[in-house]
Amino acid sequence: MSRRQRSGASRRRLALACLAALLAGALLGRSTAPTPPSGRAAAPAAGAARTLAGVPVSFPETRLGAAEAAAAYERAFANPAILRPGALRARIEAVAMPDYARAMLAANSPGEQRLAAGPIGEALRHGIQTLYAAVPIGYRVESYEPGRARILTWGFTLLGNASSVQPAAYFGLTHTVLVFAEGRWRIASTRGGFGPTPRLATPPGPLGGYRVIDVARELHSYELAP
């Protein structure tokens, strides 16, 4: 197989892995967390007063609280930590309703396993800088009543590494139904897919997508704003 064919096969495997996550309702992503510069503390994440399996869950039973929870859960499913054995299951069980957690795990596990076994997982095991970042762009509260909300989110996932996988962006829409149970918003169902994808208007630099790795190294995530 030629280098071009191998590269194409790798991109298809990554796209399939992302699609599995999108169809389960979670844009997989978030980069390995950079270390804050000396003397500068990282801003606490919204909802971080209480966490379960590493996922912030302290969001109020309000329209904005539901929207913040939906985005935070998407980001939590997008951390290289989910490629460790048992981590994806723990996070899904922390934020999904019990009767939906099984379906969500079944939908996401094949994509997670492909990522772990493919060039992304291999790079992580060898300590190669990897970008795996979900970036929520915006949301719409499609419906809300006390204890139940339906949230539409649009965003993209950045996925790649500094050696074998040129970083690429995967845009997607996700509809998430959340139920407030046991003191936190929990996922009751999800539906998602790729797009809409804007046309690229910025000319690529000499390093192509690999320049993203250099930029991401020094960045911290913004908190959500109303």
Side-chain angles (χ1 to χ4, degrees), residues 10 13-35 42 44-59 68-136 153 155 157-161 164-165 170 172 174 176-192 221:
S10 294
R13 286 197 297 270
L14 293 175
L16 287 171
C18 288
L19 182 58
L22 283 166
L23 293 178
L27 282 169
L28 293 182
R30 189 164 187 159
S31 63
T32 50
T35 302
R50 180 187 176 203
T51 62
L52 294 173
V55 184
V57 295
S58 292
F59 300 97
E68 289 178 330
Y73 298 167
E74 289 174 1
R75 291 194 298 251
F77 292 131
N79 189 299
I82 70 164
L83 301 183
R84 295 197 298 261
L88 179 62
R89 175 185 292 274
R91 293 195 172 192
I92 286 177
E93 290 177 348
V95 300
M97 294 296 289
D99 59 347
Y100 188 64
R102 292 185 292 274
M104 195 170 181
L105 183 64
N108 278 272
S109 291
E112 177 264 338
Q113 291 166 6
R114 282 193 291 269
L115 284 177
I120 292 293
E122 182 179 358
L124 284 169
R125 287 189 292 273
H126 286 84
I128 295 171
Q129 187 179 7
T130 298
L131 179 64
Y132 188 18
V135 183
T153 54
T157 298
L158 290 171
L159 189 60
N161 61 36
S164 58
V165 181
Y170 301 83
T174 304
T176 304
V177 175
L178 297 155
V179 174
F180 201 81
E182 299 180 346
R184 66 187 187 274
W185 286 108
R186 304 185 72 172
I187 299 171
S189 67
T190 53
R191 179 171 56 85
S221 295

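Index from 1, following the sequence.
In this structure, Glu122 has no salt bridge (Lys or Arg N to Asp or Glu O under 4.0 Å) partners at least two apart in sequence or on a different chain. Under the side-chain contact (heavy atoms from CB on, under 4.5 Å) criterion, Arg102 pairs with Asp99, sequence neighbours left out.
In terms of modelled atom types and a separation under 3.5 Å, the side chain of Arg75 and the main chain of Ala134 share no donor-acceptor contact. Using a distance-only test at 3.5 Å, with no hydrogens or angles considered, a donor-acceptor pair links the side chain of Arg125 to the main chain of Ala116. Using a distance-only test at 3.5 Å, with no hydrogens or angles considered, a donor-acceptor pair links the side chain of Asn161 to the main chain of Ser164. Judged by distance alone, the side chain of Thr130 and the main-chain N or O of Ile128 form a donor-acceptor pair under 3.5 Å.
The shortest heavy-atom contact between Ala76 and Ile82 is O-CG2, 3.8 Å. Closest of all the heavy-atom pairs between Met104 and Ala96 is SD-CB, 4.2 Å. Phe59 and Ala72 get closest at one heavy-atom pair: CZ-CB, 3.5 Å. Looking at every heavy atom in both residues, Thr51 comes nearest to Gly54 through CB-C, 4.5 Å.
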Check your understanding: Yes or no on side-chain contact (heavy atoms from CB on, under 4.5 Å) for Glu112 and Leu83, after CA distance, side-chain angles and deciding distance?
Key -> CA-CA 6 Å; Glu112 177 264 338; Leu83 301 183; 4.0 Å; yes
Check your understanding: What's the verdict on side-chain contact (heavy atoms from CB on, under 4.5 Å) for Ile187 and Thr176, showing C-alpha distance, side-chain angles and the deciding distance?
Key -> CA-CA 7 Å; Ile187 299 171; Thr176 304; 4.2 Å; yes
Side-chain polar contacts of residues 178-185 - donor-acceptor pairs under 3.5 angstrom, sequence neighbours left out - could you list them?
| from | atom 1 | to | atom 2 | distance (Å) |
| --- | --- | --- | --- | --- |
| Glu182 | OE1 | Arg186 | NH1 | 2.8 |
| Arg184 | NE | Ala94 | O | 2.9 |
| Arg184 | NH2 | Ala94 | O | 3.1 |
| Trp185 | NE1 | Pro60 | O | 2.8 |

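Annotation: the span from Gln113 atom CD to Leu88 atom CG amounts to 9.0 Å, rounded to 0.5 Å. Atom CZ of Arg91 is separated from atom CG of Asn108 by 13.0 Å, given to the nearest 0.5 angstrom.
Side-chain contact of Thr190 with Tyr100: a donor-acceptor pair under 3.5 Å is present, judged by distance alone.
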